2 protein chains.
Amino acid sequence: MSNRLGAIEFRHLRYFTAVAEARSFRAAAQQLHVSQPPLTRQVQQLEELLGVVLLERQPRGVELTAAGAVFLDEARNLLALAEQALDRTQMAAQGQLGRLDVGVFGSAVFDAIPRVIQAFRTAYPKVEVVLHNLDRAGQIKALRERRLTVGFNRFFVEEPDLVWDVVLAEALNVALPAGHRLTDHARLTIADLSGEAMVVYPRSPRPGFIDQVLGLFHRRHLTAQVVQEVDDVVTAVALVSSGFGLTIVSDSALNLRLPGVVYRPLERNEALIDLCMIRRIDDDSPLLRAFIEVAREVLPPPPEAHAAAR
Amino acid sequence: MSNRLGAIEFRHLRYFTAVAEARSFRAAAQQLHVSQPPLTRQVQQLEELLGVVLLERQPRGVELTAAGAVFLDEARNLLALAEQALDRTQMAAQGQLGRLDVGVFGSAVFDAIPRVIQAFRTAYPKVEVVLHNLDRAGQIKALRERRLTVGFNRFFVEEPDLVWDVVLAEALNVALPAGHRLTDHARLTIADLSGEAMVVYPRSPRPGFIDQVLGLFHRRHLTAQVVQEVDDVVTAVALVSSGFGLTIVSDSALNLRLPGVVYRPLERNEALIDLCMIRRIDDDSPLLRAFIEVAREVLPPPPEAHAAAR
DNA sequence: CCGGACGATACCGATGCGGTATCGCAGCCG
DNA sequence: CGGCTGCGATACCGCATCGGTATCGTCCGG
């Protein structure tokens with residue numbers, strides 16, 4: 001590190017700036033609430049450290065030399081930037097400034113996650129929010145490598161260094177081809193779907209949404225007639241639209257409107273699907289805390305009664 | 001002036017930066033050639049002044065908090081800018097940085113002045129040179145009001161607060177319409193021009209070039225036949241081109257080539273015309289000194305023998 | 001369980017800050 | 001013209017605070 005700065009301190013800049021602006025040592029001393037001799041000494045010292053005469057001492061005060069005018073400009077700038085640095089640091093300490101990398105995946109990107117992000121960006125406009133489309137394994141890896149601050153996911157996997165929080169319990173819906181016989185019912189049950197041709201997703205990561213849905217059938221000793229496995233909810237609904245069969249989607253996915261697709265709610269007490277937030281167990285950054293708080297405010301709390309249905 | 005900076009000093013930034021970069025108090029202490037306790041103390045004090053924890057002390061060294069990372073960035077930036085401020089100030093003290101306002105007027109703008117400016121801009125590339133077209137009175141006024149650092153002029157007028165320097169003695173030439181009988185001569189004398197129709201310039205400021213030229217005639221008890229007074233040398237030569245008569249121009253104006261105009265030199269011992277530089281007597285700025293030096297280097301020194309011919 | 005490395009703390013001279021008193025100088029005014 | 005006034009510089013002093021040495025508490029690794 002080059003050390004041409006020597007022993008120059010902000011005090012020198014503050015004192016010189018005051019003297020230069022007041023065009024007087026005495027007047028500057030009053031403004032700074034110090035006596036005049038320290039000003040003389042500090043400015044002399046500054047000039048010696050710089051090797052440059054900054055002020056022309058005259059009977060009625062002082063005048064700036066050309067170099068003094070340049071240095072005044074620089075000093076003002078430095079002092080202003082130092083204050084900004086202070087502000088930014090304090091904002092960062094309060095989580096109001098920085099960068100938040102959020103992992104997202106699955107149908108929650110259609111409703112729940114955008115609502116959280118939107119609210120957070122409004123509350124913390126100077127935080128840069130970056131979304132990363134990553135599946136569960138990718139989120140876990142990225143969290144460990146500090147490329148991610150927080151991830152949204154559907155499924156709960158115990159890891160020693162990570163924390164899962166259930167932030168939302170969404171109801172389920174059946175996506176039906178228009179004209180399907182079940183569209184006559186306003187609400188459906190799992191039993192209604194027994195033997196129906198079904199499209200399921202996602203193929204990976206396992207276990208995932210698909211396993212929870214199939215679990216609903218097994219628990220009731222019913223059989224799910226899987227006609228197609230696909231990667232994601234969009235493809236699944238697209239196949240429904242083409243008449244392949246029906247599929248089951250979360251409330252968030254209701255925003256996904258395709259022609260020829262009709263949604264019917266499943267009875268809420270039949271099943272709920274969790275939305276989880278993953279984070280590092282040792283991450284206590286104010287930014288993350290702020291984000292969690294916003295998420296809790298925006299998303300309705302998951303009813304504990306149904307939490308057992310996981 | 002807001003004083004949120006408090007007692008923060010560059011020392012705090014230097015120490016914190018070193019610790020943050022080394023991720024260790026002890027390693028930073030070695031690099032800084034101080035012992036470890038002062039680092040601990042300065043960083044603690046910095047954190048207290050900021051009201052923000054910047055480092056997480058850990059058994060194997062330190063980690064940056066989010067706010068600490070932000071502040072490290074800001075501190076590095078401030079230190080770099082401070083060094084730049086130093087550089088710029090020292091450059092300004094040596095006349096290598098700043099702004100130079102130069103007043104120019106008359107035929108010297110066609111040769112002598114551009115040569116000086118060009119040389120100066122090469123030698124001092126970071127100095128902004130601004131040219132102002134001002135006549136002598138305008139230059140004097142602008143110099144007094146500090147809008148001008150230096151002015152180039154033809155005529156010497158004593159002023160208590162200004163200094164004139166003769167920087168160049170140029171020979172004179174006669175501009176003739178093509179086909180004029182005097183074009184037969186390779187060189188001319190003042191006597192050759194007696195009774196010839198002449199265009200003279202400038203109308204103002206007086207006294208000026210015109211008066212010196214006419215003085216050459218009076219001194220020899222000759223008569224100048226003035227057929228037209230115009231504002232400047234360009235107009236004068238344009239009229240010569242139209243056959244109005246002849247006019248007398250300095251060497252610099254030889255660059256002014258118009259169709260139908262032929263130049264013939266006047267004998268050097270007949271007359272020389274000075275180019276003067278005006279400046280404030282109390283201006284000892286390094287920039288001006290540097291400019292004067294360059295001007296002296298570029299322009300051939302005026303022969304003292306002819307100086308009396310003014 | 002102990003040795004070593006880390007940062008924090010306690011304490012101590014020395015530096016250097018800011019304060020008071022005063023000087024030297026220049027412009028102003030009676 | 002001589003004292004007055006207001007300016008920045010200087011001399012000197014007390015004390016805050018710097019940096020240094022010695023040491024502590026703690027965690028990690030052998």
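Everything numeric in this text was worked out from a predicted model, so none of it was measured. The figures here come from the full heavy-atom set of this structure, side chains too, leaving out hydrogens, waters and symmetry mates.
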Rounded to whole angstroms, how far apart are [atom1] on [X] and [atom2] on [N]?
| X | N | atom1 | atom2 | answer |
| --- | --- | --- | --- | --- |
| A:Glu56 | D:dG8 | CD | P | 14 Å |
| B:Gln30 | C:dA5 | CD | P | 12 Å |
| B:Gln58 | D:dG25 | CD | C1' | 17 Å |
| A:Arg23 | D:dG6 | CZ | C1' | 19 Å |
| B:Ile8 | D:dC18 | CD1 | P | 13 Å |
| A:Glu48 | D:dA9 | CD | P | 14 Å |
| B:Phe25 | C:dG7 | CZ | P | 7 Å |
| A:Leu55 | D:dA9 | CG | C1' | 14 Å |

Looking at [X], does any N or O in its side chain come under 4.0 Å of the phosphate oxygens OP1/OP2 on [N]?
| X | N | result |
| --- | --- | --- |
| B:Thr40 | C:dA8 | yes |
| B:Ser24 | C:dG7 | yes |
| B:Gln44 | C:dT9 | yes |

Original post:
Where along nucleotides 25-30 of chain C does protein come under 4.0 Å, by heavy atom, of base (B) or sugar-phosphate alone (S), with - for untouched nucleotides?
Top reply: -S----
**OP:** Mark up nucleotides 12-22 of chain C, 5' to 3', with B wherever a protein heavy atom is under 4.0 angstrom from a base atom, S wherever such an atom reaches only the sugar-phosphate, and - elsewhere.
**Re:** -----BBBBB-
**OP:** Establish, from distance only, whether the side-chain atoms of A:Thr40 and A:Gln36 form a donor-acceptor pair under 3.5 Å.
**Re:**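 Their side chains do contain a donor-acceptor pair, which is all the 3.5 Å distance test asks for.
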Subject >> Least distance between heavy atoms, A:Leu64 atom then A:Ala20 atom >> reply: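 Heavy atoms of A:Leu64 and A:Ala20 come nearest at CD2-CB, 3.7 Å.
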**OP:** Determine the minimum heavy-atom distance between B:Pro38 and B:Tyr15, stating which atoms define it.
**Re:**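 Between these two residues, the closest heavy atoms are O-CD2, 4.5 Å.
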Subject >> A:Arg279: which of A:Thr149, A:Leu148, A:Ile292, A:Leu162 passes side chain to side chain contact (heavy atoms under 4.5 Å, CB included) >> reply: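 Single side chain to side chain contact (heavy atoms under 4.5 Å, CB included) partner of A:Arg279 among A:Thr149, A:Leu148, A:Ile292, A:Leu162: A:Ile292.
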Original post:
If you measure from the Lys or Arg side-chain nitrogens to the Asp or Glu carboxylate oxygens, is any gap between A:Asp282 and A:Arg146 under 4.0 Å?
Top reply: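 Judged by the 4.0 Å cut-off on N to carboxylate O distance, A:Asp282 and A:Arg146 do form a salt bridge.
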Original post:
Can you list the residues that meet the ring-ring contact (aromatic ring centres under 6.0 Å, His included) rule with B:Tyr124, with sequence neighbours excluded?
Top reply: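 Once residues adjacent in sequence are excluded, the partners of B:Tyr124 under the ring-ring contact (aromatic ring centres under 6.0 Å, His included) criterion are B:Phe120.
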